[in-house]
Amino acid sequence: MKQTLIAQITATLAEIEAAGLTKRERQITTAQSGRIAVGGRRMVNLCANNYLGLADHPEVIAAAHRGLDEFGFGMASVRFICGTQTIHRSLEQAIAAHLGKDDAIIFAACFDANGAIFEPLLGEEDAIISDSLNHASIIDGVRLSKAQRFRFANRDMNDLEAQLKAAEAKNCRHRLIATDGVFSMDGTIAPLPQICALAEKYGAMVMVDDCHATGHLGAQGRGTADLTGAGSRVDIITGTLGKTLGGAMGGFIAAPQPIIDLLRQRARPYLFSNSLAPTIVTGSLKALEIAIKSDDRRAKLGHLTRKFRAGLTAAGFSLLEGETPIIPVMVGDAPMAQNLALELDRLGVFVAGFFYPVVPHGKARIRTQMSAALNDEDIDFAIDAFTQAGKTLKLI
Ligand SMILES: *Cc1c(COP(=O)(O)O)cnc(C)c1O
């Protein structure tokens, strides 16, 4: 039995390898930034979620040091036993104030926040209406709840309305629409004002996962609800501390008070998993504080995004349209994405190929991401490298 399982796993790994789908991890020897070192080589990094470049910001590092000195290394407890320090509540209140919500609750990751949210709030009489391109953590979170599931085609408002009608026809008690704010593989933005209008028409609540927006999109980095003008019509916002807000780790839910209060009593990843480490809490608090006032970094991010898009388009690459710092370069099949990533690696540009199962078959891509840690010379260097690699591989 044991032998046959191992043999089967070995065969699966061989299939993944034969299909050119094996993901390999390169080891970085420096802090996360716009320029990193790998195997003694300096590289321009185009694939971190480090949108504002705060991952190695000196003030964030200093704040983490202060957290370590004053509050220790770890909590050795979940929140409700003896794992809540004053700084945990300060971070929750700062997130809630930033997003204009009553309160917030923090988790070890946004994967946990999305895994935590549905099951305590909704039962089998209720309905969750979810965008088909939502992040894996939302899909898993929905699976963990007993609510009835409805799925609408990505950003398709006719289909969303059809699914809301289907939920109504089944006499579902409560309805919750769940969507990513920014779809991470495509870099597109959810049409939140239209989603909220349909939610109001059919008496649904709206939950937005803003992992790829909080801190860098919208006024003061308040995210897609602000950017699209939906504002407080969005009821629940989930997000991460592992991207723009310092990039360490941790997730959150910001919502009306009763929702947060119930999650503190019932959310399983909150009740049964360790409290966030003090260094992460104080570092993330500082990162949020810096992000709020960093209009200069947001402007630089926008400038680099437009410059890189224009450069790659002029070189002949096929990009997905969008206004976010996520710029997907479409290449077709998985081995081509791997080859382009390899060629760019050789030329000193760090990117990753994305292919099935992360994106659909035939839609393999290099997902590039801009960062305020990069500068104009880095972008020129990257456009040259893409052009050279694209010609070598006969992509352009
Ligand atoms: C990154 C991401 C997550 C997971 O966040 P972690 O804090 O890394 O667990 C969830 N949802 C979306 C849309 C993401 O992009």
Side-chain angles (χ1 to χ4, degrees), residues 23 25 32 47-52 54-55 91-92 95 99 104-118 128 130-144 154-155 177-190 192 195 206-218 221 223-225 227-228 234 236-255 263 267-270 273-277 280-281 283-285 287-288 291 320 322 324-328 352 354 357-359 365 367-371:
K23 293 184 259 303
E25 298 174 0
Q32 185 64 277
C47 54
N49 300 310
N50 185 24
Y51 294 112
L52 291 186
L54 302 183
L91 179 58
E92 289 174 337
I95 290 167
L99 298 175
I105 176 172
I106 50 180
F107 293 83
C110 188
F111 206 105
D112 284 339
N114 288 338
I117 192 166
F118 302 104
I128 301 168
S130 181
D131 188 289
S132 63
L133 281 196
N134 276 346
H135 190 264
S137 55
I138 296 181
I139 295 168
D140 287 7
V142 170
R143 282 185 188 144
L144 289 170
N154 180 232
R155 300 189 301 151
I177 301 170
T179 181
D180 283 14
V182 172
F183 291 92
S184 55
M185 290 302 134
D186 293 350
T188 48
I189 297 172
L192 295 182
I195 289 174
V206 177
M207 173 213 142
V208 173
D209 172 345
D210 237 1
C211 279
H212 281 278
T214 310
H216 62 281
L217 295 185
T224 53
L227 182 74
T228 60
V234 171
I236 304 172
I237 297 172
T238 70
T240 185
L241 305 171
K243 289 181 174 127
T244 306
L245 300 178
M249 62 192 307
F252 59 81
I253 299 168
L263 291 173
R268 292 166 68 83
Y270 186 80
S273 189
N274 202 23
S275 185
L276 267 193
I280 293 177
V281 177
S284 302
L285 249 172
L288 174 60
L320 288 186
T324 70
I326 296 173
I327 305 173
F354 284 69
V358 179
V359 294
R365 66 198 67 181
R367 181 184 71 176
T368 64
Q369 291 163 283
M370 295 294 103
S371 167

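Residues: numbered from 1 along the sequence shown. All values derive from a computational prediction rather than experimental measurement. Order of listing sets the numbers, starting from 1, for every ligand and every atom in it.
Met249 meets the side chain to side chain contact (heavy atoms under 4.5 Å, CB included) test with Ile280; sequence neighbours excluded. Applying the side chain to side chain contact (heavy atoms under 4.5 Å, CB included) rule to Ala213 yields the partners Val182, Asp210, Leu217, Thr224; only residues at least two apart in sequence or on another chain are considered. In this structure, the side chain to side chain contact (heavy atoms under 4.5 Å, CB included) partners of Ala287, at least two apart in sequence or on a different chain, are Leu54, Val60.
When each of Thr214, Ile326, Thr324, Leu245 is tested with Tyr51 by the rule side chain to side chain contact (heavy atoms under 4.5 Å, CB included), just one qualifies, namely Ile326.
To the nearest 0.5 angstrom, Leu91 atom CG is 7.5 Å from Leu288 atom CG.
Within 4.0 Å of ligand 1, protein heavy atoms come from Ala109, Cys110, Phe111, Asn114, His135, Ser137, Asp180, Asp209, Cys211, His212, Thr240, Lys243, Gly250.
One finds a salt bridge joining Arg365 and Asp186 here, because a Lys/Arg side-chain nitrogen approaches an Asp/Glu carboxylate oxygen to under 4.0 Å.
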